[in-house]
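Step one of this worksheet: look at the structure below.
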Amino acid sequence: MISKRKTKKRGGGSAKMSRLDPPASTTSPSRRFEDVLPCTVRDWLNSRRLDEDHFEEYRQRMSRHRLDVFRSAVGLPCLLVALTGASLAAERPLPRLIADHGRHALLVDDAPYLVLGAQANNSSGWPAVLPEVWPAMEFIHANTAEIPVYWEQFEPEPGKYDPSAVDALLAGARSHHLHLILLWFGTWKNGSQHYMPAWMKLQPERYFHVVDAAGRPLDSPSPFAADSLAADTRAFTALMAHLRAADPERTVVMVQVENEAGTWGTLRDHSPEANRLFNGAVPPDVLTAMGVAAPASASPTWEQAFGAEAEVFFHAWSVARYIGHVAAAGKAVYPLPLFANAALRAILTPGAPGTYQAGGPLDNVIPIWKVCAPALDMVCPDNYETNPAAYLKFCELYHRDDNALYLPETGGSPRLLFYALGQQAIGFSPFGIDFTRTHEFPDVARPPEDRLPPWALTGTREFAAPFVPLYRLLAPMGRTIARLNFEGRIQAVAEQAGRITDDLHFGPWDATIAYGVWARNGHPAGNPQPLGGALVAQLAENQFLVAGFYCRADFRPLASGRHRQFLSVEEGTFVNDTFTFRRILNGDQTDGGLDFSSEPLVLRVSLATY
Ligand code: DGJ
């Protein structure tokens, strides 16, 4: 096996939880959101506050500007095409991802946007079911609904596309003031081909499956089935073309291409074409991406280059190329941000190949996906980890210079979402949020939760409820959080069992988040169950925004012999991303530090020393 060169992780510049450069410093990599925008946008933002009223004026201005450019550059024929089915007056800027110094932002209406998402259950994207989805989105305070589009519904007959379900999603989301992230359940859904239309399922010799080493077909589509690739490419392109025409409002802000692609039951496809390629040379760009040092003249095979991981790396290459092709075709007609999601492997103790789903954008093959599927803006972890250390690890691994962190699926404890925010996430979406199971019978005995499939637990008010306080806190300040994160000003932590404090470092100030301080008269003891979490943003050298649950926050100056004093602790509410002062907290409310309980609470804290 050829040795792997030790390469610096491409995301090495990503903000670590321990240290934040002082935003005001001239040497700081921390630039304001405005600094990386084109001049026209920057001038505008410099003269305006980031609030909704001004955004509306700004949007209209940009719409007029784009129309002028469009007219002069593209001309009347294309203008007529663009006008089909859509009013240009209502057209908004395209959502897009931007990056600067390893930090990322999703721009919606040309300003950073935090996806406070919620994913409906797999079979909830049908028009007749949507009335049970929207109230759950409202209940949880989501700003974005993640809902599948089913290939079997979208293309009931070859080449005949039915956008009625997509149109129902657009209409419903708009009337509930939500954005959408559509999930294209195409060739792959959880490693299988279950969402292929019936006319494809009935021709398995043409739209063939992966075969294992013994030649047996598995319940997984082959990434070498050329006709499947062609059909998926056409269908996904038709979907994107429909969105371009039907969604000038940009209700849809991103699209997920396939769902948890990959295969269980074999490490790779063993079809003739797959075998031929597996026994051939690894493409040079894959070697480079994976940091394999091979002499320029050498053309190692997969086994020579990657040893025991050769087959899973090969399968990742095969699947990434396929999805990269589908994504590129869709993006060519409508360039929305696109991503693929991964069914993860155990990260703290990764098992051998075969113990996890092969082929998807797992942590060990992210560079392969990056070179083979450049039309995907992100590869994303479906982070269901309940172990906080593992949850954090996944956030760190997928937050890279070349990859924004987004959690298209998550579950477990809402406090762990603070880890995602601390790793600069552009958003997250708990899975299974709808009210499709409205009838809970609390008195009826049921099996313990670990004996039930996940979908038997989702789809109720009770299931969504734990996320409500966090979403209520973040919803009115989502754009502020996204902007501050893009500027590198935020650190966030979650309580772990056995760890009673977390320390954060902000230039001249250290902040301590302590858990369970009342158990021992002001000394931290940890909460009986780990429920705490906090977010601290440095607004200016001596001014912070602090929010959290079940914890106490306090600050300490680094200067020796100096002590912290509060100049003011302002309690406020965010209204449309503007901090609105309510009162100053003092006395009992601040003498021991800044206390956070179950209530959503945001404090603007100004510090001095004596
Ligand atoms: C991960 C998948 O991506 C989802 O579509 C769903 O099947 C959940 N697992 C489990 O219910």
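Start at 1 and go down the list; that is how both ligands and their atoms are numbered.
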Just checking, any donor-acceptor pair under 3.5 angstrom between side chains of [X] and [Y]?
X	Y	answer
Tyr113	Thr144	yes
His194	Asp219	yes
Tyr406	Ser429	yes

Query raised in the report: Who pairs with Glu273 by side chain to side chain donor-acceptor pair (under 3.5 Å), at least two apart in sequence or on another chain?
Result: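 If we apply the side chain to side chain donor-acceptor pair (under 3.5 Å) test to Glu273, skipping adjacent residues, the hits are Arg276.
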
Provide the number and element of each atom of ligand 1 under 4.0 Å from a heavy atom of [X].
X	answer
Glu260	1 (C), 2 (C), 3 (O)
Asn259	2 (C), 3 (O), 5 (O)
Asn122	4 (C), 5 (O), 6 (C), 7 (O)
Asp382	3 (O)
Lys189	4 (C), 5 (O), 7 (O)

Requested in this report: Would you list the pairs meeting ring-ring contact (aromatic ring centres under 6.0 Å, His included) in which at least one residue belongs to residues 351-389, sequence neighbours left out?
Outcome: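 Those involving residues 351-389 do not exist here.
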
